[in-house]
Amino acid sequence: MDVMGDKATLLETGRFVPSADRDDPGAAAEEMQHRVAAEAGDVDAMSVLGSLLLRRGDLDGAESLLRAATAAGDRAAANNLGVLLHQRGYVEDAAGWWRIAAVAGSAAAAHALGRHHRERGDEPAAEYWLRQSAEQGHTLGAYALADLLEHRGDVGAERWMRTAAERGHREAAYRLARALDRRAEQEPPGEVGARPGAGRSPLDEAEQWYRQAAARGHRRAALHLGAILEKRGELKEAGRWYLTSAKDGEAKAACALGFLLRDAGDETNAAVWWLKAAQDGDGNAANALGALHAERGETQTAERWYRAALDAGDVNGAYNLGLLCAEQKRTAQADQWYRRAAYAGHREAANALAVLLLQGGDALGAEPWFSKAAEAGSVDAAFNLGILYASRGDDTAALRWYERAAAAGHTDAALQVGTARLRDGDEQEAERHLRCAAGGGSAEAAYRLGTVLDARRPGAAAPALGEPAARKTECEEWYERAAQQGHRRAQVRVGMLAAGRGDVVEAARWYRLAAEAGSRNGAFNLGLLLAREGSEPEAALWWTRAADAGHGRAALRLALLYARRGQLAEGQRWASRAVELGPAEVAERAGRLGEALRQELSA
């Protein structure tokens, strides 16, 4: 009757918990029955009664009963006698009784003996006895064996960790989940290796074991389960697990719950959980509180929390202090905090420090920090290095860093690479990078991509009367994307394409947007459109705006307009202006017109 064998958690904690049934009349009656039977010489009763007293903490009363039962050959009593002696500090005596019980087949004793040998550094003996325990179906033995094998890097560790987890050991379930989680991070997306439960990804399996451990009260399992669910977009369930973990004292869960609440618009409760996490030493939560107060303009409170984050070992605290000081124009302090974070390996702090130095005119001092940040993976630093080299005229080095930043998804870097490839005549590579930049939201890239595609398409004739206008081409779609972001040249080009399709209203809309934003070409084209529609006075206003901005053709149009009206002096003035502005063919026409007007004026 291996009674205490299933209570080996008592050994693990090093404490004995008094029986909850001590004052229960039924339990008291049962204990009395065992006592009467034990006094009559019943070995099983001695063993059971000894275990009850041991659990209660009555070591003196338990010892005599357990020794008597052990002498009669009861292996459970031998195991429990070992537990009792271990509690009294007689470790070697305890190991001796555990050995006797283990040899007799007690899985609990084998587990205890294995733990004893491991504590003394005798790993071969520990493995032998833990394996004996595990193979007899002892859950704690399986877990302890897995822990030992994992410590040694033995591939067999996962099998026993899985066995313990399947038998309900929550720490085993958590550690198995962590191992599967790490494997999921290393495996290429979609790859499922040969393993138990084939057909499921490691992450799916990890989630299952996290759930099992979390359901049994493992707070870190609840945290990781919440992270998986949050990543998958299941925010409500993620929040429930974060809350469970946070209430159990897991600071990281409280911090994660704060971010979840903030993203949901509940900044007040987010701050409550961040405060709890920060008070428990979570640097990330302290940084979040600092950022919250900084947004409110409470810079002193923000600085206090950033310092708390730094004290908690979070180097982001120093970086954020640098940002705070830089915003307040406290350049010397910003430099100090950026350096502290940068020396600790914070790549964005190294980039920020380099920018600060560059702004102060120290390009030589900035370069090594840009390089350090870029080599550590800062995309912004790689782009900034490209700008630095380009300013020195080293286009080859600049392009190399632009390409590196572009490969990591930097929109402006992709635009620079695309532009450089266009200059080199490599249209295919240029298009690829311009598509990346345009897709990332760059209006200039969208416009340039439109010009590349525009140059390839055959010229299209205006639609015949009564025929539907042609569908928009891809180049026009890119022009429109840039135009909608306020790109003036793109707006003019969209207007021209709309006019080519015969859509005068659409053309006028885009020309007007460009003209009002200061585009002289937009103002000139709008004037042409209005003049064709019979709105010559308004056309003159837009041509005047364009000519004043340096548009030669607009000046020539004004000269012709005033000449037709008989306002010869005004016409001559605009003709002279057109000669100045050019281009050559405009200057030539304007010169002839100006001469004719001069002769007429002098006649």
Side-chain angles (χ1 to χ4, degrees), residues 415 419 422-423 442-452 454-455 475-476 478-501 503-598 601:
L415 170 61
T419 304
L422 273 180
R423 285 197 302 267
S442 169
E444 181 65 24
Y447 171 72
R448 288 178 182 268
L449 177 59
T451 63
V452 170
D454 204 356
C475 76
E476 188 169 359
W478 284 112
Y479 282 141
E480 273 198 19
R481 183 179 293 195
Q484 287 163 356
Q485 295 179 65
H487 194 288
R488 292 183 300 180
R489 284 177 295 167
Q491 289 170 339
V492 173
R493 189 63 187 138
V494 171
M496 292 171 67
L497 291 170
R501 292 196 309 273
D503 191 344
V504 177
V505 175
E506 183 75 355
R509 183 172 75 86
W510 286 112
Y511 287 152
R512 192 176 297 277
L513 281 171
E516 289 173 347
S519 168
R520 62 188 187 186
N521 284 329
F524 174 69
N525 287 355
L526 180 58
L528 289 177
L529 208 62
L530 291 167
R532 289 185 196 130
E533 295 296 313
S535 301
E536 201 169 69
E538 188 181 356
L541 293 175
W542 288 109
W543 282 334
T544 301
R545 182 180 291 194
D548 287 342
H551 198 289
R553 285 187 173 84
L556 178 58
R557 286 279 177 175
L558 286 169
L560 290 167
L561 178 64
Y562 285 115
R564 281 201 313 273
R565 290 178 178 175
Q567 296 173 262
L568 304 184
E570 189 68 9
Q572 187 181 28
R573 184 175 74 81
W574 282 112
S576 299
R577 179 67 173 148
V579 170
E580 293 172 8
L581 295 173
E585 67 273 16
V586 169
E588 184 182 350
R589 286 184 61 194
R592 290 199 303 270
L593 176 62
E595 180 60 26
L597 292 173
R598 186 187 64 78
L601 281 168

For [X] against [Y], the heavy-atom pair lying closest together:
{"X": "Gly522", "Y": "Ala514", "result": "CA-CB, 4.2 Å"}
{"X": "Ala578", "Y": "Gly552", "result": "CB-O, 3.7 Å"}
{"X": "Gly594", "Y": "Gln572", "result": "O-NE2, 3.9 Å"}
{"X": "Leu581", "Y": "Ala547", "result": "CD1-O, 3.9 Å"}
{"X": "Ser442", "Y": "Leu415", "result": "OG-CD2, 3.8 Å"}
{"X": "Glu476", "Y": "Ala498", "result": "OE2-N, 4.3 Å"}

By salt bridge (Lys or Arg N to Asp or Glu O under 4.0 Å) - contacts of [X] (at least two apart):
{"X": "Arg589", "answer": "none"}
{"X": "Arg545", "answer": "none"}
{"X": "Arg532", "answer": "none"}

Side chain to side chain contact (heavy atoms under 4.5 Å, CB included) against [X], all qualifying residues, sequence neighbours excluded:
{"X": "Arg565", "result": "Glu536, Leu561, Tyr562, Gln567"}
{"X": "Glu533", "result": "Val504"}
{"X": "Ala523", "result": "Ala515, Trp542, Ala546"}
{"X": "Leu422", "result": "Ala430, Leu434, Val452"}

Could you give the distance from [atom1] ([X]) to [atom2] ([Y]), rounded to the nearest 0.5 Å?
{"X": "Gln484", "Y": "Leu513", "atom1": "CD", "atom2": "CG", "result": "10.5 Å"}
{"X": "Leu530", "Y": "Trp543", "atom1": "CG", "atom2": "CH2", "result": "8.5 Å"}
{"X": "Arg598", "Y": "Leu568", "atom1": "CZ", "atom2": "CG", "result": "13.0 Å"}
{"X": "Trp574", "Y": "Thr544", "atom1": "CH2", "atom2": "OG1", "result": "5.0 Å"}
{"X": "Leu556", "Y": "Phe524", "atom1": "CG", "atom2": "CZ", "result": "8.0 Å"}
{"X": "Leu593", "Y": "Leu597", "atom1": "CG", "atom2": "CG", "result": "4.5 Å"}

For residues [X] and [Y], determine if any side-chain heavy atom of one lies less than 4.5 Å from a side-chain heavy atom of the other.
{"X": "Val492", "Y": "Arg488", "value": "no"}
{"X": "Asn521", "Y": "Arg489", "value": "no"}
{"X": "Arg557", "Y": "Leu528", "value": "yes"}

For [X], give me all partners under side chain to side chain donor-acceptor pair (under 3.5 Å), at least two apart in sequence or on another chain.
{"X": "Arg448", "answer": "Glu444"}
{"X": "Arg592", "answer": "Glu588"}
{"X": "Glu585", "answer": "Arg553"}
{"X": "Arg520", "answer": "none"}

Backbone N/O of Ala483 and side chain of Gln491: donor-acceptor pair under 3.5 Å:
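Present.
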Carboxylate-amine/guanidinium proximity below 4.0 Å for Arg512 and Glu538
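Salt bridge flag = yes for Glu538 with Arg512.
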Sequence neighbours left out, what passes ring pair (Phe, Tyr, Trp, His ring centres under 6.0 Å) with Tyr479? Give chain and number order.
Tyr447
